[in-house]
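Here's the structure, in structure tokens; my notes come after.
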Protein chains: 2
Amino acid sequence: MTEDGAAQPGLSRETIAQAALRVLEREGIDGLSMRKVGAEVGVQAASLYWHVRNKEQLLDLLTDALMADAVPPPRTGHWRDQLRAYCELHRQYLLGKRDAAKVAAGRLAPGPHILRLMEDQLGRLREAGFSAADAALTSHLLGVYVQGFVLQEQAPLSATEAMGAGRRAAATAVGDQFRALPEAEFPHLVALAGDLTEPTMDDRFAFGLERLLDGLAALLEPPTDPTEDRNSTHE
Amino acid sequence: MTEDGAAQPGLSRETIAQAALRVLEREGIDGLSMRKVGAEVGVQAASLYWHVRNKEQLLDLLTDALMADAVPPPRTGHWRDQLRAYCELHRQYLLGKRDAAKVAAGRLAPGPHILRLMEDQLGRLREAGFSAADAALTSHLLGVYVQGFVLQEQAPLSATEAMGAGRRAAATAVGDQFRALPEAEFPHLVALAGDLTEPTMDDRFAFGLERLLDGLAALLEPPTDPTEDRNSTHE
DNA sequence: ACCTGAACACCGTTCAAGT
DNA sequence: ACCTGAACACCGTTCAAGT
């Protein structure tokens, strides 16, 4: 029951993915080399190429391993709450591992762990009443949103800064930068400098998520409904 | 009027960014090295470090240069149509340059060209009636969506394949892969295999965009409105 | 079947030195 | 002020050869 009947040679793809995960945690994505992963698992870099076509494939495995211990939210309550919990969990898992979003960026990588989560999420969408086509599109959409969001969240603000300053400090610096723009040419950037730079990442994530959920809800109910007390991240 | 009064030394950041853009187009992101950019501009790689802190900063400049000749959609019609056109244009510009999404991935990079587009977009959002806070959050949200989407769109399907097969062929291969899963454990993945793999990227992009726009519309109108004939990507 | 040694063709970055 | 030469410490990948 170990993939395909062969005796495990002490060095499986699974083992390699776990080793890569440890190297990532320790050294970040820039320190994640074939040589270091090899060393982590007690082998030369060249040996890895027996188990894996190239580094890209190793990163695919690593991406799946990132979700290895993700546990879906409880299957109770409104579909909207379940979906929200799903996205928040996904975000938290990515944020929890160093540079995870950069590793996963633009990777479909349907490994066993990700398939398990997809299956579970599709089931909830179907139960909520989404058509097969809409459930599939929605699953993809939510994945794109969370991955795209966290990618920006984990990246240093404007990449130039943030090699010195703190998190919030960089944001206010960008705000001042906006405010210092020529007002004739950039009236809105000047006026909205605070609105653009002050919201926390939590705020931003919630905002996008609620808009998305609103849009999905509209898909479900033919546009007539009196119960309209959805929570709105609005001031 | 050239940045800051100094005589241009024949080698400006602008020149470097343009050269980087040409190298990117020719060799892709994996071939985009400091040495090659230097060669493109007729100089040693080391010389670039006089104008640029490091490769990250060069990529920031390149990201802004990617949007250099983007022209905003006409400022007429419903805000919803304008915003949709904006996102579609953004996507097209990213798709138009080789590996553009990978370069821009997770980069805020508020250079002059991107600032110009932000300013324009914020103006439209304010005109549409969005609050300052909502306009700012919406601008960020749309950026995340488009960038996250195209990133996945430009990445090879599952990264392992797509080094040989064609676009649509890889998709159906993944579909068959889903269908071959143990049905007891993955009933929905098996059942929705077609729905998950058949939609084109255009379909997927439109689906997410319309959901987003629906959610944003709900923000604008206090939930009572009879005119409800929005276009829906639904079958 | 699996791993090593050694090599190939590169990298980003630094830094003295030139002009 | 701007650029070069040369070096440092690495890379991913291949491939004969070992066991």
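Numbers restart at 1 for each chain; the letters A, B, ... are given by sequence-line order, proteins then strands. Atom set for the values below is all heavy atoms of this structure, side chains included, hydrogens, waters and symmetry mates excluded.
Residue A:Lys97 holds its NZ atom at 9.5 Å from CE of A:Met67, rounded to the nearest 0.5 Å.
Computed from coordinates, the A:Met34 CE to D:dG12 P distance equals 7 Å when rounded to whole Å. Atom CG in B:Asp30 sits roughly 15 Å away from atom C1' in C:dG12 (whole-Å rounding). The separation between B:Leu32 atom CG and C:dC11 atom P is 10 Å, rounded to whole Å. Rounded to a whole Å, the CD atom of B:Gln44 is 16 Å from the P atom of C:dT13. Following rounding to the nearest Å, A:Lys36 (NZ) and D:dG12 (C1') show an atom-to-atom distance of 13 Å. In this entry the distance linking CZ of A:Arg35 with C1' of C:dA6 reads 11 Å, nearest Å. Residue B:Tyr49 contributes atom OH, which lies 4 Å from atom C1' of C:dG12 at whole-angstrom precision. Across the protein-nucleic acid pair, A:Lys55 atom NZ and C:dC11 atom P stand 15 Å apart, rounded to whole Å.
Nearest-nucleotide positions on DNA chain D for A:Ser33 and B:Leu48 put B:Leu48 closer to the 5' end.
With hydrogens and angles disregarded, no donor-acceptor distance shorter than 3.5 Å links the side chain of A:Arg204 to the backbone of B:Leu137. Side-chain atoms of A:Arg107 come within 3.5 Å of backbone atoms of A:Val103 as a donor-acceptor pair (strictly under, hydrogens ignored). Judged purely by atom type and a 3.5 angstrom limit, A:Lys36 has no side-chain atom pairing as donor or acceptor with the backbone of A:Val23.
The nucleotide whose nearest atom lies closest to any side-chain atom of A:Leu11 is, among D:dC11, C:dC3, D:dC3, C:dC3. Minimum atom distance to the side chain of A:Ala46 is reached by C:dT4, of the listed C:dC15, C:dT13, C:dT4. Of the listed nucleotides (D:dT13, C:dG12, D:dT4), D:dT13 has the atom at the smallest distance from the side chain of A:Ala45. Here D:dC3 is the nucleotide among D:dT13, C:dG12, D:dC3 with the atom lying nearest to any side-chain atom of B:Ser47. The side chain of B:Asn54 has C:dT13 as its nearest neighbour among D:dT13, C:dT13, D:dC3.
Across all strands shown, the partner of C:dT4 is D:dA16, judged by Watson-Crick or G-U wobble contacts whose two distances both fall under 3.5 Å.
An OP1 or OP2 oxygen of C:dC2 is reached within less than 4.0 angstrom by a side-chain nitrogen or oxygen of A:Trp50. Residue B:His51 has no polar side-chain atom (N or O) positioned under 4.0 Å from OP1 or OP2 of D:dA1.
Between A:Arg116 and B:Glu185 there is no salt bridge, since no side-chain nitrogen of the basic residue lies less than 4.0 Å from a carboxylate oxygen of the acidic one.
Separating the C1' atom of C:dA17 from that of D:dC2 is a span of 13 Å, rounded to the nearest Å. Rounded to whole Å, the separation between the P atoms of D:dA9 and C:dA9 comes to 23 Å.
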